Amino acid sequence: QVQLAESGGGLVQAGGSLRLSCAASGRAIDDYVMGWFRQAPGKERVFGTNIDWTGQNFEYADSVKGRFTISRDNAMNMVYLQMDSLKPEDTATYYCAAGVVRSDSEGQFTHWGQGTQVSVSS
């Protein structure tokens, strides 16, 4: 079983940047697809981005495309989300997830972290 722990959330002004980290433990993630989802207050959790095990193939939701960048370091068992040009509508709890199929559906991800809060002020 793999355990995931997110960090790096916080409060930032619109236009600013944050870098989220996801530390994996329990087993190596080098054969997992990794993803980031987010859940805004009062809304459902939605897909943000994913990355395949090679680190060379990605998918991004339209809402974050061009502003967010996912990356991974399999040697360190880490996944990152660089978030630039943040907007107030990016305010949400951000979740790291691991799965075996690259997908934008949370049902395809089998392991989840507890989430980290990101708040963007206008």
Side-chain angles (χ1 to χ4, degrees):
Q1 288 283 2
V2 60
Q3 290 83 45
L4 303 173
E6 303 92 339
S7 62
L11 175 63
V12 63
Q13 288 190 328
S17 298
L18 279 176
R19 188 193 195 207
L20 305 184
S21 298
C22 173
S25 61
R27 62 155 290 174
I29 60 167
D30 54 4
D31 55 354
Y32 278 105
V33 170
M34 301 300 297
W36 287 94
F37 288 73
R38 65 184 184 181
Q39 186 169 20
K43 297 188 177 181
E44 294 185 348
R45 188 158 58 186
V46 296
F47 170 73
T49 178
N50 63 41
I51 186 170
D52 73 352
W53 67 274
T54 70
Q56 300 299 310
N57 297 293
F58 327 92
E59 287 182 297
Y60 291 95
D62 288 343
S63 58
V64 306
K65 196 174 296 182
R67 299 186 300 120
F68 290 11
T69 304
I70 189 171
S71 61
R72 66 190 296 163
D73 184 339
N74 288 339
M76 297 297 291
N77 242 23
M78 296 289 296
V79 182
Y80 305 99
L81 183 65
Q82 177 66 40
M83 305 187 296
D84 299 317
S85 303
L86 283 161
K87 305 175 181 179
E89 51 264 45
D90 294 319
T91 295
T93 301
Y94 283 72
Y95 296 90
C96 177
V100 296
V101 176
R102 194 155 64 95
S103 172
D104 61 1
S105 170
E106 66 174 280
Q108 295 294 333
F109 289 84
T110 53
H111 299 83
W112 293 84
Q114 293 298 308
T116 185
Q117 178 66 38
V118 171
S119 298
V120 184
S121 63
S122 57

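Quick caveat, the model's predicted, so the values are computed rather than measured. In this chain, residues are counted from 1 in sequence order.
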Legend entry - Geometric class of the F68/Y94 ring pair [parallel <30°, tilted 30-60°, perpendicular >60°]: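 Plane angle between 30° and 60°, so tilted.
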[Y] and [X], any side-chain heavy atoms less than 4.5 Å apart:
X	Y	value
Y80	T69	no
C22	M78	no
Q82	S17	yes
L20	M83	yes
D30	W53	no
V100	T110	no
W36	C96	yes
L81	R19	no

Of all heavy-atom pairs between [X] and [Y], which one has the smallest distance, and what is that distance?
X	Y	result
A24	V2	CB-CG2, 3.9 Å
S122	A14	CA-CB, 4.3 Å
D104	N50	N-ND2, 4.2 Å

Inset, instruction - State yes or no: are the ring centers of F109 and F37 separated by less than 6.0 Å? - result: yes
Inset, instruction - Compute whether any side-chain donor of one residue and acceptor of the other, for T93 and Q39, lie under 3.5 angstrom apart. - result: no
Inset, instruction - May I ask you to decide if G9's main-chain N or O and T116's side chain share a donor-acceptor pair within less than 3.5 Å? - result: yes
Legend entry - Backbone of R102 reached by a side-chain donor or acceptor of Q108 within 3.5 Å: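 Pair absent, no side-chain N/O of Q108 close to backbone of R102.
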Inset, instruction - Output, in order, the C-alpha distance, side-chain angles, deciding distance and verdict of side-chain contact (heavy atoms from CB on, under 4.5 Å) for I51 and Q56. - result: CA-CA 7 Å; I51 186 170; Q56 300 299 310; over 6 Å; no
Legend entry - Pairs involving residues 40-56, ordered by first then second residue, that meet salt bridge (charged side-chain N to carboxylate O under 4.0 Å, His left out) (sequence neighbours left out):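 Those involving residues 40-56 are R45-E106.
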Inset, instruction - For residues 67-86, pull every pair meeting salt bridge (charged side-chain N to carboxylate O under 4.0 Å, His left out), keeping only residues two or more places apart or in separate chains. - result: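 Residue pairs passing salt bridge (charged side-chain N to carboxylate O under 4.0 Å, His left out), neighbours aside: R67-D90.
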Legend entry - Verdict with supporting geometry, Q13 and S121, side-chain hydrogen bond (donor to acceptor under 3.5 Å, both in side chains): CA-CA 5 Å; Q13 288 190 328; S121 63; 4.9 Å; no
Rounded to the nearest 0.5 Å, what separates atom [atom1] in [X] from atom [atom2] in [Y]?
X	Y	atom1	atom2	answer
L18	L86	CG	CG	5.5 Å
M34	N77	CE	CG	8.5 Å
D31	T54	CG	OG1	12.5 Å
K65	E59	NZ	CD	9.0 Å
L4	Q1	CG	CD	10.5 Å

Legend entry - R38 NZ/CZ over Y95 ring centroid, <6.0 Å and within 45° of normal: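 That pair does not qualify as a cation-pi contact.
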Legend entry - Shared hydrophobic cluster, V46 / V118 (ILVMFWY, side-chain heavy atoms < 4.5 Å): no
Legend entry - Single-linkage hydrophobic cluster, 4.5 Å side-chain cutoff, M76 and I29 together: no
Inset, instruction - Taking atom CD of Q3 as the centre, report whether more than 12 heavy atoms of other residues, nucleotides or ligands fall under 6.0 Å from it. - result: yes
Legend entry - Within 6.0 angstrom of W112 CH2, more than 12 heavy atoms from elsewhere: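 Count over threshold, so yes.
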